[in-house]
Q: 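Structure in structure tokens, see below.
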Amino acid sequence: MCHSCDSDPETRTEIRIAGIRGIQGVVRKTVNDELRATIWEPQHMDKIVPSLLFNMQKIEEVDSRIGPPPSPSAADKEENPAMLAENCFRELLGRATFGNMNNAVRPVFAHLDHHRLWDPNEFAVHCFKIIMYSIQAQYSHHVIQEILGHLDARKKDSPRVRAGIIQVLLEAVAIAAKGSIGPTVLEVFNTLLKHLRLSVEFEANDLQGGSISSANLSTSSKDSDEKIVQNAIIQTIGFFGSNLPDYQRSEIMMFIMGKVPVFGTSTHTLDISQLGDLGTRRIQIMLLRSLLMVTSGYKAKTIVTALPGSFLDPLLSPSLMEDYELRQLVLEVMHNLMDRHDNRAKLRGIRIIPDVADLKIKREKICRQDTSFMKKNGQQLYRHIYLGCKEEDNVQKNYELLYTSLALITIELANEEVVIDLIRLAIALQDSAIINEDNLPMFHRCGIMALVAAYLNFVSQMIAVPAFCQHVSKVIEIRTMEAPYFLPEHIFRDKCMLPKSLEKHDKNLYFLTNKIAESLGGSGYSVERLSVPYVPQVTDEDRLSRRKSIVDTVSIQVDILPNSIPSDDVVSNTEEITFEALKKAIDTSGMEEQEKEKRRLVIEKFQKAPFEEIAAQCESKANLLHDRLAQILELTIRPPPSPSGTLTITSGHAQYQSVPVYEMKFPDLCVY
């Protein structure tokens with residue numbers, strides 16, 4: 001009766017209404033009747049539910065509002081088969097219990113599949129809104145599990161069908177997130193990430209298999225359809241993640257980060273064997289976009305909670321990739337987690353800010369946990385910013401995000417020691433742009449100079465040291481008149497005139513370390529470290545992320561004036577001094593895990609140990625090296641009176657001038 005197709009419209013309507021009322025009576029009878037145990041069996045539900053959905057399809061205007069579908073009026077219930085069927089469907093779902101919920105939901109999928117109602121999916125969305133609002137809240141996760149299962153079952157269908165199912169999942173999650181989601185949190189994300197990988201794999205296969213003929217049009221169409229699937233997945237992940245409590249969101253952040261593939265490592269848990277380089281890059285971008293959505297709005301009380309070491313290390317690895325879009329996404333994720341006082345919008349765009357006070361920056365006193373975080377991880381953050389500025393494929397947005405990173409560290413994490421480190425980093429960037437050892441194009445060199453100017457202008461006003469502000473303002477004023485391409489407002493503008501070289505520029509155009517040290521020292525800052533040039537730490541990430549390796553400089557050099565010894569002998573002696581242990585220290589390619597850990601501990605010790613302890617240890621090692629050097633060269637070595645002195649070398653054969661004999665290079669420390 002519900003499926004009546006009588007030629008007379010009025011008769012057809014009356015028959016259908018009668019059929020729906022019959023079903024409604026059966027449903028209501030289940031409350032206090034022996035039928036209660038049998039009506040929920042699949043063979044009955046497979047008839048009842050499609051009959052109701054068939055009539056609900058006749059609604060001409062489906063309500064697409066976010067809230068629950070409107071309840072039908074009394075008149076509509078009696079006269080309109082669609083409204084009467086919808087009301088009966090709600091009653092049915094409202095009476096469903098834990099044991100029979102799935103039997104009532106599965107026929108919905110069969111009906112939508114049979115009638116091809118996933119594309120377009122307005123009716124499917126409408127049905128699941130009714131389902132989610134009609135069932136008891138504690139059963140919401142059952143419906144979500146059924147949608148995920150159906151998505152798995154239809155994984156080889158067209159992209160638009162899969163996108164339709166994912167959008168239905170989004171609507172269900174949006175409603176379930178307000179109540180009980182249950183134990184399906186990781187299952188939701190795991191299934192979505194699996195389908196994200198499948199979508200990227202299908203897209204990559206289409207691109208590789210496409211021909212140049214007219215089939216190319218269908219390939220591009222499939223390509224755009226797969227992007228619809230990917231965007232739907234990311235939107236669902238973001239919405240679901242943003243509604244989770246903080247402790248669950250942290251777990252999901254780690255879960256997604258563990259899926260991001262990094263070239264040269266096997267720590268990720270996502271199968272990318274079939275993707276190729278193009279597909280791998282695509283999945284990296286998709287996963288980082290998902291992570292960006294999940295971290296949006298996340299507010300942690302301490303930075304250690306937001307960026308634990310187990311999350312920070314894998315997050316920063318893609319920031320060294322030779323792909324500007326990946327680096328942008330990593331920086332944006334970092335900003336989401338660092339910006340605990342919503343200052344990022346005020347810092348948007350790289351520019352010279354006349355008066356930082358007008359921005360009304362919100363900040364709090366740096367807590368002990370944040371100070372400890374910077375002592376442990378500060379050098380790692382500085383290194384990624386430094387190397388990120390020197391990438392050849394940087395665009396304006398990269399420089400803007402790098403500037404924002406420096407500003408957020410200053411606002412959220414900077415005490416006096418961190419401020420000095422950030423200024424050292426800025427000066428090192430300026431020096432790298434001038435010297436240009438990386439052979440960067442002129443635009444990138446000027447972009448770095450502009451970034452340094454914008455940041456030093458910001459930090460000088462944040463710490464409010466008048467002499468420092470005066471020096472920065474003076475340099476910016478001279479640049480405005482003589483070298484506007486060193487300022488962000490000009491270099492990032494279209495058709496900006498670039499200089500042919502930077503070597504001939506007056507030193508007044510540059511920020512000078514001695515001037516900055518003098519101004520900060522007068523205000524009580526400890527400026528001794530400003531005289532030590534910043535050098536980024538060396539880790540294995542350069543090798544893993546397909547970029548040029550920076551060779552660690554742990555070396556011993558011997559310089560002897562060639563009065564009576566030929567130059568060949570000098571070279572020979574130098575090679576002999578570089579014994580096997582030092583070769584192993586320099587050769588990181590074959591280093592075992594134990595050696596890596598030992599190296600990390602040494603670097604950490606030089607960063608954190610008291611200076612007196614480091615000096616005592618270096619003095620002990622220096623004495624051992626003196627003895628070793630004397631044995632090798634058969635010379636008598638008299639140690640210098642001070643660490644900065646020279647060694648006097650004598651032997652039975654000749655007397656040599658006092659010269660520096662060797663140096664050991666460590667981060668921020670030289671021993672002579």
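Position 1 is the first residue of the sequence, and the numbers go up from there.
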Q: Mind listing the closest non-hydrogen atom pair of M462 and I411 along with its distance?
A: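 Nearest pair, atom of M462 first, then I411: CE-CG1, 4.1 Å.
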Q: Can you confirm whether or not the ring centre of F109 sits under 6.0 Å from the ring centre of F128?
A: yes
Q: Quick check for you: to the nearest 0.5 Å, what is the distance between L329 atom CG and M286 atom CE?
A: 8.5 Å
Q: Taking N394 for its side chain and G388 for its backbone only, find out whether a donor-acceptor pair lies under 3.5 Å.
A: yes
Q: Check R344 against N336 and note the closest heavy-atom contact, atom names and distance.
A: NH2-OD1, 2.6 Å
Q: Determine whether L406 and F458 make a side-chain contact, defined as any pair of heavy atoms from C-beta on separated by less than 4.5 Å.
A: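 L406 vs F458: side chains apart.
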Q: Counting only N and O atoms by type, is there a donor-acceptor contact under 3.5 Å from the side chain of R162 to the main-chain atoms of D157?
A: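 Looks like yes, one N/O pair under 3.5 Å.
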Q: Would you say the side chain of M374 lies within less than 4.5 Å of the side chain of I303, judging by non-hydrogen atoms?
A: no
Q: Should the pair E400-R348 be classified as a salt bridge under the 4.0 Å nitrogen-to-oxygen rule?
A: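 Salt bridge between E400 and R348, a charged N being under 4.0 Å from a carboxylate O: no.
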Q: Can you give me the closest heavy-atom contact between M56 and C127, atom names plus distance?
A: CE-SG, 4.5 Å
Q: Look at atom NZ of K362 and say whether more than 12 heavy atoms of other residues, nucleotides or ligands are closer to it than 6.0 Å.
A: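 No - once you tally the heavy atoms of other residues, nucleotides and ligands closer than 6.0 Å, there are 12 at most.
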Q: Determine yes or no for a side-chain-to-main-chain donor-acceptor pair under 3.5 angstrom, with N121 supplying the side chain and A124 the backbone.
A: no
Q: So, do V419 and I423 sit near enough that their side-chain heavy atoms are less than 4.5 Å apart?
A: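 When only atoms from C-beta onward are counted, I423 and V419 do touch, with a gap below 4.5 Å.
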Q: If you compare all heavy atoms of S405 against all heavy atoms of L331, which two are closest, and at what distance to 0.1 Å?
A: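 Distance-wise, the nearest heavy atoms are OG-CD2, 3.5 Å.
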Q: I need the I237 CD1 to S242 OG distance, nearest 0.5 Å.
A: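 The distance works out to 12.0 Å.
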Q: Step by step, would you call T404 with H335 a side-chain hydrogen bond (donor to acceptor under 3.5 Å, both in side chains)?
A: CA-CA 8 Å; T404 304; H335 296 170; 5.1 Å; no
Q: Less than 4.0 angstrom from a charged side-chain N to a carboxylate O is my criterion; do D339 and K299 meet it?
A: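 No.
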Q: Between E332 and K397, is there a salt bridge with N-O shorter than 4.0 Å?
A: yes
Q: Check whether any side-chain heavy atom of H126 lies under 4.5 Å from a side-chain heavy atom of E122, and answer yes or no.
A: no
Q: For Y455, enumerate each residue passing the side-chain hydrogen bond (donor to acceptor under 3.5 Å, both in side chains) test, keeping only those at least two apart in sequence or located in another chain.
A: T410
Q: Check whether N103 reaches the backbone of W40 with its side chain - one donor and one acceptor, N or O, closer than 3.5 Å.
A: yes
Q: Using 0.5 Å steps for rounding, measure from the CD atom of Q369 to the OG atom of S372.
A: 8.0 Å
Q: Restricting to non-hydrogen atoms, name the atom on I283 and the atom on V200 that form the minimum distance, rounded to 0.1 Å.
A: CD1-CG2, 3.8 Å
Q: Taking all heavy atoms of V49 and all of A104, pick out the closest pair and write down the distance.
A: CG2-O, 3.7 Å
Q: Does any part of the side chain of L347, heavy atoms only, come nearer than 4.5 Å to the side chain of I361, both counted from C-beta?
A: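 Yes; the side chains approach each other to less than 4.5 Å.
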Q: Do L92 and M45 have side-chain heavy atoms sitting under 4.5 Å apart?
A: yes
Q: Can you tell if the side chain of L316 reaches within under 4.5 Å of the side chain of M334, non-hydrogen atoms only?
A: yes
Q: Which residue, L307, V294, L315, forms the side-chain contact (heavy atoms from CB on, under 4.5 Å) with V333?
A: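 Going through the options one by one, the only one that passes is L315.
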Q: Would the distance check show the side chain of N398 and the main-chain N or O of V395 forming a donor-acceptor pair, the cut-off being under 3.5 Å?
A: yes
Q: Tell me if a side-chain donor or acceptor on N377 pairs with a main-chain N or O of Q380 at a distance below 3.5 Å.
A: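 Such a contact is absent between N377 side chain and Q380 backbone.
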Q: With heavy-atom distances below 4.5 Å as the criterion, would you say the side chains of M253 and L337 are in contact?
A: yes
Q: Is atom NZ of K155 surrounded by more than 12 heavy atoms (other residues, nucleotides or ligands) closer than 6.0 Å?
A: no
Q: Any Lys/Arg nitrogen of E412 or R340 sitting under 4.0 Å from an Asp/Glu carboxylate oxygen of the other?
A: yes
Q: Any side-chain to backbone donor/acceptor pair from S317 onto D313? Under 3.5 Å, distance only.
A: yes
Q: Please determine whether salt bridge (Lys or Arg N to Asp or Glu O under 4.0 Å) holds for the pair K375 and E417, giving the CA-CA distance in whole Å, both sets of side-chain angles, and the decisive distance to 0.1 Å.
A: CA-CA 9 Å; K375 283 184 177 179; E417 183 179 346; 5.2 Å; no
Q: To the closest 0.5 Å, what do you measure between CG (L402) and CD1 (I385)?
A: 7.0 Å
Q: Tell me if a side-chain donor or acceptor on T371 pairs with a main-chain N or O of C367 at a distance below 3.5 Å.
A: yes
Q: Say whether T97 and Y139, considering side chains only, have a donor N or O and an acceptor N or O under 3.5 Å apart.
A: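 Checked: T97/Y139 side chains show no N/O donor-acceptor pair below 3.5 Å.
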Q: Testing Q235, R289, H195, E203 for side-chain hydrogen bond (donor to acceptor under 3.5 Å, both in side chains) with Q230, which one passes?
A: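 Testing each of Q235, R289, H195, E203 against Q230, the sole residue satisfying side-chain hydrogen bond (donor to acceptor under 3.5 Å, both in side chains) is E203.
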Q: Are there over 12 heavy-atom neighbours, none belonging to F311, within less than 6.0 Å of that residue's CZ?
A: yes
Q: Look at the rings of Y534 and Y386 and say which category their plane angle falls in: under 30° parallel, 30 to 60° tilted, over 60° perpendicular.
A: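 Plane angle over 60°, so perpendicular.
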Q: Rounded to the nearest 0.5 Å, what's the gap from CG on L312 to CZ on F373? Could you check?
A: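 Reported value, rounded in 0.5 Å steps: 5.0 Å.
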Q: Rounded to the nearest 0.5 Å, how far does CG of L359 lie from CG of N343?
A: 9.0 Å
Q: With side-chain contact (heavy atoms from CB on, under 4.5 Å) as the test, would you mind laying out the steps for D370 and R368 before giving the verdict?
A: CA-CA 5 Å; D370 289 350; R368 186 174 60 184; over 6 Å; no
Q: So, H341 and E364: side-chain donor and acceptor under 3.5 Å apart, yes or no?
A: yes
Q: Would you confirm whether S296, through its side chain, and M293, through its main-chain N or O, come within 3.5 Å as a donor-acceptor pair?
A: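 Pair absent, no side-chain N/O of S296 close to backbone of M293.
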Q: Just by modelled atom types, is the A450 backbone N or O under 3.5 Å from a matching donor or acceptor in the Y403 side chain?
A: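 Answer holds: no.
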